Amino acid sequence: MNISLSVAFLAAVLVGSAGAFHGGGDCFSPSRPAASAAGFANLLAQQPSSNIKSARLPLYKDAATTSTFTAYSSTSTSSTSLAALPNAAALTTAASQSLFPTNATPLARLLRLTAAVVSTVLLLSAKLRRKLFYPNVTVDPSHDEPIPPGSLGCPFLGQPFFQSSKSFGAGSWYRDTAQKLGNPRVWKYYFLGKPLAVISGGDELKAVLNQEFDGVTSSGSEIMDSGLMPMDSLLFEGDKSRHSFLRRLVGQSLTPARVSDAVPVLQVAADEAVRKMLDSTDGTVKMEKVCTDYTLDVAWRQILGLDLTEDEIPTFEKEVETWITGMMSLRTLLRIAVKSSPGYKAMKYVTKKIEERIAQLKETGPDASNLSGMLFAKDEEDPKRTLTSQELIDNSLILIFAGSETSASTLTNAMLFLGLHPQAWNRLVEEQMTMKARHGDTLTKQALDDECPYLDAVIKESLRMRTVSGGIPRRTMKTIVVDGKQIPEGWLIDPSLLLTHTNDPKTQTDDGTSNVDPMTGFAPERWLDEKTRPDNDFVPFGSGPRFCLGYNLAMVEMKVFLATLARKISFQLDRQDNVEWQTGMGVMAQPADGVLVSVRSKEEEAALLEKRNVSFFFFSMSISTRRNFHLDADSSKLLVVPPECHEHAKELKAECLLFAEKTKAFKEITRKISADMIKAGEAVEHDKMRAIGLRLRASDGEGDRNTRREDLERKVRDREMVLRRLGAKLEAL
């Protein structure tokens with residue numbers, strides 16, 4: 001009877017309530033089940049209160065909603081339980097009447113019965129629930145290890161892994177979910193019929209990615225096919241031998257020698273970016289736009305080798321941006337009329353440009369572009385084998401996508417971090433000015449790599465702080481075990497470079513997040529010391545057979561840009577308070593305001609600094625002598641300020657005092673004045689000692705006179721040496 005009562009109750013609740021089941025975890029649009037069992041409530045009204053006890057049991061509970069139902073159990077002894085049997089039968093009858101009204105058609109009764117049975121079975125069987133609501137979530141019984149922890153989310157839909165936040169940007173869902181789980185190296189989520197295992201940590205990530213083609217394989221073709229991604233590229237190739245072939249031939253266009261030859265082209269693009277910044281009408285520019293334009297400039301100049309006119313450049317850049325934006329849109333991911341989308345049309349435009357360039361290269365011969373390197377590449381194993389036209393197009397598109405989207409985002413973030421940390425920018429400028437004095441204006445790959453350790457540190461620290469939020473998923477070809485958790489065959493693997501950087505033990509902080517906070521976490525100096533330098537857990541370019549083939553070009557591209565800016569401009573962030581990030585879908589996190597900065601040329605900054613230095617000079621003299629001074633710029637002589645100008649001098653001194661809090665110029669001028677004072681004092685002391693030496697008494701003994709004369713001469717020589725050193729310092733200043 002108790003079983004009949006339970007079944008009747010469950011059926012009444014399930015059939016009378018729509019959506020009473022919730023899979024656990026966050027849904028895309030969370031809805032709360034509203035329990036309603038009117039028939040069962042009516043049934044309970046018929047029961048004697050002396051035979052039942054009420055208990056409040058939660059059906060669904062969270063901070064916003066709590067729904068409960070009342071369960072009943074017998075409170076009688078065994079004899080009274082027997083007496084209560086008719087009441088239980090009445091309960092079952094009433095529940096049956098609620099499920100199957102007398103006016104219901106036979107078909108309606110059959111559907112209600114089927115729903116009741118299925119719902120009851122599902123509630124009683126977790127295994128059946130998982131199979132129905134979360135297809136493909138399997139467990140390999142031949143392995144003792146458990147599957148990874150983590151919530152599967154809403155039935156059929158899964159988890160909103162693409163969510164981002166203003167406080168962190170792209171990848172915030174991964175970070176927040178991992179923190180809730182205790183930051184395990186392996187955890188799971190579910191999305192549109194596919195279980196995914198998130199892998200982080202240098203050792204774990206490399207162990208999985210090194211199994212490429214043997215234990216795991218790229219699933220990019222399954223996910224991205226029919227979208228806007230170029231599928232005949234090495235990024236998505238699943239066959240090991242064919243992938244090796246593509247990597248050999250595409251790699252010939254990205255050798256260190258070819259990248260070194262590309263530096264002059266990159267410098268032209270960087271100079272053009274600086275020109276556009278300085279041509280801004282109000283001196284304010286958005287660095288996201290500048291960095292994107294620069295990387296797209298590199299795309300058409302260096303990757304494709306196009307010769308675009310001034311009118312064609314904006315069109316090319318706009319079409320590439322439209323293609324990349326469309327690639328990451330929900331419309332493309334869900335395959336909704338992709339071929340009529342703006343992104344598809346933009347991809348066709350870029351494809352046509354590549355086809356025209358291939359035809360031109362076949363007529364004119366090779367040049368220094370990456371497309372030319374791929375077109376004329378010969379396979380070492382089979383010299384007759386070359387890349388097909390479609391392979392040339394698709395791999396060129398991949399180079400444009402990887403070289404523009406990720407490099408532009410990294411450079412934008414780097415400018416944000418440098419603006420928030422002026423001491424880092426000043427050190428970068430100092431390093432570049434030293435290199436400029438040594439080698440002139442021309443940049444070379446060798447000098448950038450060998451003589452610019454701080455430049456390298458700034459780029460690596462920017463990549464550590466914000467890297468790509470995820471990678472191309474892999475599919476397990478067999479069950480693998482990672483960090484004590486089984487990942488069954490057929491599951492997808494989501495390699496998380498972002499979590500690997502965030503949870504790196506070498507940079508980890510007590511609060512677990514400030515090591516990637518823009519205000520407190522940016523420290524390029526960590527890369528200059530082996531003890532603090534990240535190593536095994538720094539993987540911005542991936543690992544294994546699919547390690548980024550364009551690594552050298554990307555690093556040099558970013559180095560040339562930052563080196564050029566450090567040599568030619570000074571900048572200041574328009575706002576330096578809390579950083580907000582974009583919340584849309586994206587490959588990498590980017591600041592919401594695009595990093596707005598005020599820009600000056602080095603020449604303009606030098607003139608302004610000189611003007612302020614002059615003010616500081618007489619301000620310092622005014623403080624030391626309590627008189628008002630100014631410096632005659634033509635004669636470089638100190639002149640007393642006339643009484644009628646004293647009021648102006650006071651205002652100028654106040655202005656200097658405020659500025660002194662924000663610049664090092666005050667220290668430099670103070671040091672110069674101090675040196676002048678020391679020099680004057682030493683000269684006076686020198687003259688005094690020489691005069692004393694001439695006045696030695698004749699009455700002194702010969703030995704005493706010689707001793708005193710030697711002492712004085714030694715002191716004079718010491719004083720002269722001091723004066724020479726001071727003179728050299730003053731000359732340097």
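No experiment lies behind these values; they were computed from the predicted model shown.
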Check your understanding: Does a side-chain N-to-carboxylate-O contact under 4.0 Å join K485 and E204?
Key -> no

Check your understanding: Any Lys/Arg nitrogen of D449 or K559 sitting under 4.0 Å from an Asp/Glu carboxylate oxygen of the other?
Key -> yes

Exercise for review: Determine yes or no for a side-chain-to-main-chain donor-acceptor pair under 3.5 angstrom, with Y134 supplying the side chain and G153 the backbone.
Suggested key: yes

Review point. Is a side-chain donor or acceptor of E580 paired with a backbone partner of K166 at a separation under 3.5 angstrom?
Key: no

Check your understanding: How long is the gap from OG on S462 to CG on L562, to the nearest 0.5 Å?
Key -> 7.5 Å

Point to revise | Audit row: K289, K276, side-chain contact (heavy atoms from CB on, under 4.5 Å) steps and yes/no | key: CA-CA 11 Å; K289 172 66 173 171; K276 291 179 181 178; over 6 Å; no

Exercise for review: Please report the shortest heavy-atom distance between L463 and P540, naming the atom on each side.
Suggested key: CB-CB, 4.1 Å

**Study point:** Qualifying salt bridge (Lys or Arg N to Asp or Glu O under 4.0 Å) pairs with a residue from residues 541-556, counting only residues at least two apart or across chains
**Key:** E212-R546

Exercise for review: Begin with the C-alpha distance, continue with both residues' side-chain angles, and end with the deciding distance and a verdict on side-chain contact (heavy atoms from CB on, under 4.5 Å) for L565 and M415.
Suggested key: CA-CA 10 Å; L565 262 61; M415 293 302 291; 3.7 Å; yes

Review point. W527 ring centre to R464 NZ or CZ under 6.0 Å, with the angle to the axis within 45°?
Key: no

Point to revise | K180 with D176: basic N within carboxylate O range, under 4.0 Å | key: no

Review point. Heavy-atom distance under 4.5 Å between the side chains of Y294 and T564, does that happen here?
Key: no

Exercise for review: Look at the side chain of S469 and the backbone N and O of G171, then say whether any donor-acceptor pair between them is shorter than 3.5 Å.
Suggested key: no

**Study point:** Chi angles and distances behind the side-chain contact (heavy atoms from CB on, under 4.5 Å) call for D214, K478
**Key:** CA-CA 9 Å; D214 297 322; K478 60 183 180 182; 5.8 Å; no

Check your understanding: Is any side-chain heavy atom of V482 closer than 4.5 Å to a side-chain heavy atom of R185?
Key -> no

Check your understanding: Are any side-chain N or O atoms of N136 and backbone N or O atoms of K194, one a donor and one an acceptor, separated by less than 3.5 Å?
Key -> no

Point to revise | Heavy-atom closest contact (T502 atom, Q508 atom, distance) | key: O-NE2, 3.5 Å

Exercise for review: Quick one: closest heavy-atom pair of P591 and T412, and the distance?
Suggested key: CD-CG2, 4.2 Å

Check your understanding: What heavy-atom pair brings A566 and L428 nearest, and what distance separates the two atoms?
Key -> CB-CG, 4.2 Å

Review point. S514 side chain to D517 main-chain N or O, any donor-acceptor pair under 3.5 Å?
Key: no

Check your understanding: Measuring from T410:OG1 to M465:CE, what's the distance to the nearest 0.5 Å?
Key -> 12.5 Å

Check your understanding: Is it true that Y349 and W323 have ring centroids separated by less than 6.0 Å?
Key -> no

Exercise for review: Please answer whether the main-chain N or O of D232 pairs with a side-chain N or O of D394 as donor and acceptor at a distance below 3.5 Å.
Suggested key: yes

Check your understanding: Would you call K506 and D535 a salt bridge, taking side-chain N to carboxylate O under 4.0 Å as the test?
Key -> yes

Study note, to complete from the structure: With sequence neighbours left out, the residues meeting ring-ring contact (aromatic ring centres under 6.0 Å, His included) with F156 are F133

Exercise for review: Taking T467 for its side chain and L497 for its backbone only, find out whether a donor-acceptor pair lies under 3.5 Å.
Suggested key: no

Revision key, fill the gap. Closest non-hydrogen atoms of A589 and F168, given as atom of the first, atom of the second and distance, are CB-O, 3.8 Å

**Study point:** Separation of I393 CD1 from I398 CD1 (nearest 0.5 Å)
**Key:** 13.5 Å

Check your understanding: Just wondering, are more than 12 heavy atoms of other shown residues or ligands nearer than 6.0 Å to CD in E530?
Key -> no

Review point. When you measure from the side chain of H501 to the backbone N and O of V539, does any donor-acceptor pair fall under 3.5 Å?
Key: yes

Check your understanding: Atom CD in Q159, atom CZ in F191: separation rounded to 0.5 Å?
Key -> 10.5 Å

Check your understanding: Under 3.5 Å, is there a donor-acceptor pair between the side chain of N413 and the main chain of Q590?
Key -> no

Revision key, fill the gap. So side chain to side chain donor-acceptor pair (under 3.5 Å) across residues 487-499, not counting sequence neighbours, yields T138-W491, Y174-D494, Y189-D494

Practice item. Kindly indicate, with the supporting measurements, whether the criterion side-chain contact (heavy atoms from CB on, under 4.5 Å) is fulfilled by R130 and V139. Key: CA-CA 11 Å; R130 180 186 294 171; V139 179; 3.9 Å; yes

Review point. Under 3.5 Å, side chain of D140 to main-chain N/O of P488, donor-acceptor pair present?
Key: no

Exercise for review: For a side-chain contact (heavy atoms from CB on, under 4.5 Å) with L266, tell me which candidate from V259, D297, V556 qualifies.
Suggested key: V556

Point to revise | Exceeds 12 heavy-atom contacts within 6.0 angstrom, atom CZ of R331 | key: yes

Check your understanding: How are the rings of F522 and H421 set relative to one another: parallel (under 30°), tilted (30 to 60°) or perpendicular (over 60°)?
Key -> tilted

